[in-house]
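Remarks on the structure that follows.
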Amino acid sequence: MTDSHPDIRFGYPCQNETLSATTNRGIKLASIEDVERIRNKIGENLNDLKQMLLWNREMGIQLFRIGQHLIPFASHPSFPYEWAAYHRESMEQIGEIARETEQRLSMHPGQFINPGSPNDEVVERSLAELTYSATVLDLMNANNGVIVLHLGGAYGDKPSAMRRFIEVMRHESQINRYLALEVDERVWTAAEVTEVANELGVGAIIDNLHHRLNPGDLSLEDAIRLARPTWETRPKLHLSSQDPSKKAGAHHASILPEDWFELLGALNGEEADIMVEAKGKEKAVLPLL
DNA sequence: TGATGTCAAGCCGTG
DNA sequence: CACGGCTTGACATCA
């Protein structure tokens, strides 16, 4: 690495269009008792995950986000068998491939996961999904794995929502080992996310597009500088470009050079792990390598 | 096989 | 006040 090329690694989420591979096959809840069907789906997801990691190795891609549907309905009370025990061996094998090829694995629970919700049932379901995510990373021995999560709702009172989030998550050590909190595009700013991350001792993730739409009073460079110390290891960031034909926040198929250079400039030569969020998946990563 | 309506869940902002 | 959008499109059924 030269001074003009800081140590940057890239990755993409969940699917590979070149391989027609995905970790996100699922089932309908109505089929939850069809054990054979679920096991087949999971087998396909795990096999595709393995194929993508092997492909990534050839391409020099070192980050990969596992889709939440890897084990569909794993956190649902009706899931019909002990998935962790049953799929342990293949997940261990996948973890070994990731480790040997120095790929950092992550997961990203979606919009329904709100540990700061005032509704106890929402909190309970959220913790179940986060525990599932952490268990997947545990089984893969993903020591530098990351669970990416937004702070979620503000419920009209941000300070209270932050307090609830911190109180609920404070003792969740299995989850917090991997947890990182990401800026979102309309509610929680980089300053607020970093504050909660510091309270919990977890990472804060800056996303260039979210930050542009919801910057608070920080420049991108300041936001990245603020979030940097939350990471004991390499910081993770998200990079995407606006789809010009869609509403604000919608991901473009590829990364526009000006967005990449803006983020690169804001990094000030620091090392970083950058998850590329683009409709074009791995094809948007290749030009950046 | 291809088209199409549907899918566990929460929240916010818009029209 | 109902609905779209987020996210990761894929499932399930019916021509």
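Every chain is numbered from 1, with letters handed out A, B, ... down the list of sequences. Only heavy atoms go into these numbers, but all of them, side chains included; no hydrogens, no water, no symmetry mates.
Annotation: proximity of residues 15-34 of chain A to DNA chain B (heavy atom, distance under 4.0 Å) is found for A/Lys28, A/Leu29, numbered in ascending order. Proximity of residues 147-155 of chain A to DNA chain C (heavy atom under 4.0 angstrom from any strand atom) is not detected for any residue. Near-neighbour residues of DNA chain B inside residues 181-194 of chain A, defined by a heavy atom below 4.0 Å, number-ordered: A/Arg186, A/Val187.
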Please walk me through it: do A/Glu262 and A/Arg212 pass salt bridge (charged side-chain N to carboxylate O under 4.0 Å, His left out)?
CA-CA 11 Å; A/Glu262 181 196 25; A/Arg212 188 184 305 162; 3.5 Å; yes

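Across all strands, A/Lys246 comes closer than 4.0 Å to no nucleic acid atom at all (heavy-atom distances). Residue contacts shown for A/Ser75 include a base, since a base heavy atom lies under 4.0 Å away.
Positionally, the nearest nucleotide of DNA chain C for A/Gly67 lies more toward the 5' end than for the other of A/Lys41 and A/Gly67.
If you run side-chain hydrogen bond (donor to acceptor under 3.5 Å, both in side chains) between A/Asp273 and each of A/Arg234, A/Gln62, A/Lys236, only A/Arg234 comes through.
Nucleotides of DNA chain B lying under 4.0 Å from heavy atoms of chain A occupy a range whose first and last members, 5' to 3', are B/dG5 to B/dG13.
A/His87 and A/Tyr81 share a side-chain donor-acceptor pair at under 3.5 Å.
Clustering of Ile, Leu, Val, Met, Phe, Trp and Tyr by side-chain heavy atoms under 4.5 Å joins A/Met275 with A/Leu63.
The gap from the P atom of C/dT8 to that of B/dG5 amounts to 25 Å, rounded to the nearest Å.
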For DNA chain B, just give me the dot-bracket, please: Watson-Crick or G-U, both distances below 3.5 Å, ( ) intra-strand, [ ] crossing earlier pairs, | paired with another strand, . unpaired.
|||||||..||||||

